**Q** 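Quick one: structure below, then a few questions.
Worth saying up front: this structure is predicted, and the values here are computed from it rather than measured. Quick note on labels: first sequence line is chain A, next is B, and so on, each numbered from 1.
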Protein chains: 2
Amino acid sequence: MMRIGELAAKTGVSVRALRYYEEQHLLGSERSTSGQRHYADNAVDRVLLIQQLYAAGLSSRSIVELLPCVVTGEVTPELLERLSAERDRIDRQIHMLTDTRDRLDTIITQATTTFRTGRPCD
Amino acid sequence: MMRIGELAAKTGVSVRALRYYEEQHLLGSERSTSGQRHYADNAVDRVLLIQQLYAAGLSSRSIVELLPCVVTGEVTPELLERLSAERDRIDRQIHMLTDTRDRLDTIITQATTTFRTGRPCD
DNA sequence: CTAAGAGCTGACGCTGACGTCAGAGGCAAG
DNA sequence: CTTGCCTCTGACGTCAGCGTCAGCTCTTAG
């Protein structure tokens, strides 16, 4: 059982963020008699998962709905629908980003070539 | 020469957003004597490009720096650095998203299998 | 015992890309 | 000429994921 500072250190997430996660019902905690939060070891993985989902563009609301089934693997048809929707959104995002990256790559490659040939305004 | 409403319609971007782009020096416009904005046809592509870069996670500040060279292909060593940095950021983002997508895929596949075999709590 | 360093609960601040509203002026059609 | 839609410039509102500060309590090393 670790306290909030230790969990923050282990995950690289701020103490404020962890309290925010609890506020959003993303991360539970046991409380000592004096009210301090205590976390089990698996909280580390859970926090990292939450971070991953945030980074994938999901909102707190979406995460709170999907987290249980992502953790347990159990899922209702409704949740499966939401899950697939998010998956497709992420998939489209990947394709858009790939397009953009390739576009930048083209520019970078051309610019590098320009420097080699010494012809900046061909 | 189209006015702002037409450009908004053609790009799917709000009028407010287009004015915001001008405020951020992302999109210029000629003004009629009465002060109304007029855009050439190529403004459509420029707006779509801006949207693409926003979607890739770039800020207005980054876009305003990189837009000229993305359009013209001309670039200084400094800009090439910034460009490569953004490219790498996008690349890392793609990998993270791919990870997340695959994770969701695994869950979806397992859930579907569960439904087929009728064993929700294996 | 005591001082310092966690932790706690509000509660306000911040940032960026716009939404929205107010009040006023522009423009083609009938 | 006027009606109705478009456009203009401020300027304030929004939303999410925290940052930050205040004032207080808890815990623990010495």
Side-chain angles (χ1 to χ4, degrees), chain A residues 1-40 43-44 46-67 86 89-90 93 96-97 100, chain B residues 1-40 43 46-67 86 89-90 93 96 100:
Chain A
M1 285 304 200
M2 54 183 141
R3 291 188 299 172
I4 199 170
E6 194 177 343
L7 181 57
K10 283 187 178 174
T11 57
V13 169
S14 75
V15 168
R16 177 64 175 93
L18 293 177
R19 289 200 270 250
Y20 177 74
Y21 296 167
E22 183 166 327
E23 202 178 310
Q24 302 297 310
H25 311 288
L26 300 177
L27 179 65
S29 65
E30 294 177 26
R31 298 299 189 104
S32 71
T33 54
S34 63
Q36 297 203 340
R37 293 170 177 85
H38 291 278
Y39 302 94
V44 174
R46 190 177 179 99
V47 169
L48 295 179
L49 174 56
I50 292 170
Q51 285 287 98
Q52 186 176 8
L53 294 177
Y54 271 132
L58 280 79
S59 64
S60 292
R61 241 181 78 72
S62 297
I63 297 178
V64 80
E65 286 179 19
L66 301 181
L67 246 189
E86 292 292 351
R89 202 186 48 69
I90 293 172
Q93 180 77 3
M96 288 188 53
L97 288 176
T100 307
Chain B
M1 284 304 202
M2 53 184 142
R3 291 189 298 172
I4 197 168
E6 193 177 344
L7 181 57
K10 284 187 178 175
T11 57
V13 169
S14 75
V15 168
R16 176 65 174 91
L18 294 177
R19 289 200 270 251
Y20 177 74
Y21 295 167
E22 183 167 325
E23 201 178 311
Q24 302 297 310
H25 310 289
L26 300 177
L27 179 65
S29 66
E30 294 176 27
R31 298 301 188 102
S32 73
T33 56
S34 64
Q36 296 202 341
R37 293 170 178 83
H38 291 278
Y39 301 94
R46 191 177 179 98
V47 169
L48 295 179
L49 175 56
I50 292 171
Q51 285 288 97
Q52 184 176 9
L53 294 177
Y54 271 131
L58 281 80
S59 64
S60 292
R61 242 181 78 72
S62 297
I63 297 178
V64 80
E65 286 179 20
L66 301 181
L67 245 188
E86 292 292 351
R89 203 186 46 70
I90 293 172
Q93 181 76 3
M96 288 189 55
T100 307

**Q** Rounding to an integer number of Å, can you tell me how far B:Q24 CD sits from C:dG16 C1'?
**A** 9 Å
**Q** Using side-chain hydrogen bond (donor to acceptor under 3.5 Å, both in side chains) as the criterion, list what pairs up with A:T100, not counting sequence neighbours.
**A**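 Checked A:T100 against side-chain hydrogen bond (donor to acceptor under 3.5 Å, both in side chains); matches are B:Q52.
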**Q** Given the rule in the side chain to side chain contact (heavy atoms under 4.5 Å, CB included) test, do A:Q51 and A:T11 qualify, once you have shown the distances and angles that lead to the verdict?
**A** CA-CA 9 Å; A:Q51 285 287 98; A:T11 57; over 6 Å; no
**Q** Select base, sugar-phosphate, or nothing to describe what A:S14 touches, counting heavy atoms under 4.0 Å on all strands.
**A** sugar-phosphate
**Q** For A:I63 and D:dA16, what is the distance between atoms CD1 and C1' respectively, to the nearest whole Å?
**A** 12 Å
**Q** Any side-chain N or O of A:Y21 under 4.0 Å from OP1/OP2 of D:dG17?
**A** no
**Q** With a cut-off of less than 4.0 Å, is there a side-chain N or O of A:Y20 near OP1 or OP2 of D:dC18?
**A**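 Checking D:dC18 against A:Y20, no side-chain N or O comes under 4.0 Å of OP1 or OP2.
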**Q** What is the distance from NZ of A:K10 to P of C:dA6, rounded to the nearest Å?
**A** 16 Å
**Q** Students often get this wrong, so: under 4.0 angstrom with heavy atoms, is B:S60 touching a base, only sugar-phosphate, or nothing?
**A**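 Result for B:S60 = sugar-phosphate.
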**Q** Once salt bridge (Lys or Arg N to Asp or Glu O under 4.0 Å) is applied, do any residues pair with B:E22, and if so which ones, sequence neighbours excluded?
**A**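 Counting only residues at least two positions away or on another chain, B:E22 forms a salt bridge (Lys or Arg N to Asp or Glu O under 4.0 Å) with B:R31, B:R37.
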**Q** If you find the nucleotide of DNA chain D closest to A:L58 and the one closest to A:T33, which residue's nucleotide is nearer the 5' end?
**A**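 Counting from the 5' end, the first nearest nucleotide belongs to A:L58.
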**Q** Would you mind reading off the bend of the helix from C:dC1-D:dG30 to C:dG30-D:dC1 from its two end axes, five pairs each, to 10 degrees?
**A**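 End axes: 0° apart.
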**Q** So do the side chains of A:Y39 and A:V47 get within less than 4.5 Å of each other, counting heavy atoms only?
**A**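 Not touching, per the 4.5 Å side-chain cut-off.
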**Q** Given B:E86, which of B:I63, B:L53, B:L58 fulfils the side chain to side chain contact (heavy atoms under 4.5 Å, CB included) condition?
**A**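 Testing each of B:I63, B:L53, B:L58 against B:E86, the sole residue satisfying side chain to side chain contact (heavy atoms under 4.5 Å, CB included) is B:L58.
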**Q** Just how far, in rounded Å, is P of D:dG17 from CG of A:L18?
**A**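 One finds 15 Å between P of D:dG17 and CG of A:L18, rounded.
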**Q** Please report, rounded to the nearest Å, how far the C1' atom of C:dC18 is from the OH atom of B:Y54.
**A**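 Those two atoms, OH and C1', are 9 Å apart.
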**Q** Go through the structure and list residues passing side-chain hydrogen bond (donor to acceptor under 3.5 Å, both in side chains) with B:T33, not counting sequence neighbours.
**A**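 side-chain hydrogen bond (donor to acceptor under 3.5 Å, both in side chains) list for B:T33, sorted by chain: empty.
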**Q** I need the CD-P distance between A:E23 and C:dA11, as an integer number of Å.
**A**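 Spelled out: CD on A:E23 to P on C:dA11 is 12 Å.
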**Q** Please list all pairs meeting salt bridge (Lys or Arg N to Asp or Glu O under 4.0 Å) that have one or both residues in residues 7-21 of chain A, counting only residues at least two apart or in different chains.
**A** A:E6-A:K10
**Q** Contact between A:Y21 and A:V13 at the side-chain level, heavy atoms closer than 4.5 Å - yes or no?
**A** yes
**Q** Decide side-chain hydrogen bond (donor to acceptor under 3.5 Å, both in side chains) for B:Y54 and B:S60; before the verdict, give the C-alpha distance in whole Å, the side-chain angles of both, and the deciding distance to 0.1 Å.
**A** CA-CA 8 Å; B:Y54 271 131; B:S60 292; 2.5 Å; yes
**Q** What does nucleotides 3-11 of chain D look like as a protein-contact string, B for base, S for sugar-phosphate only, - for none, at under 4.0 angstrom between heavy atoms?
**A** ----SSB-B
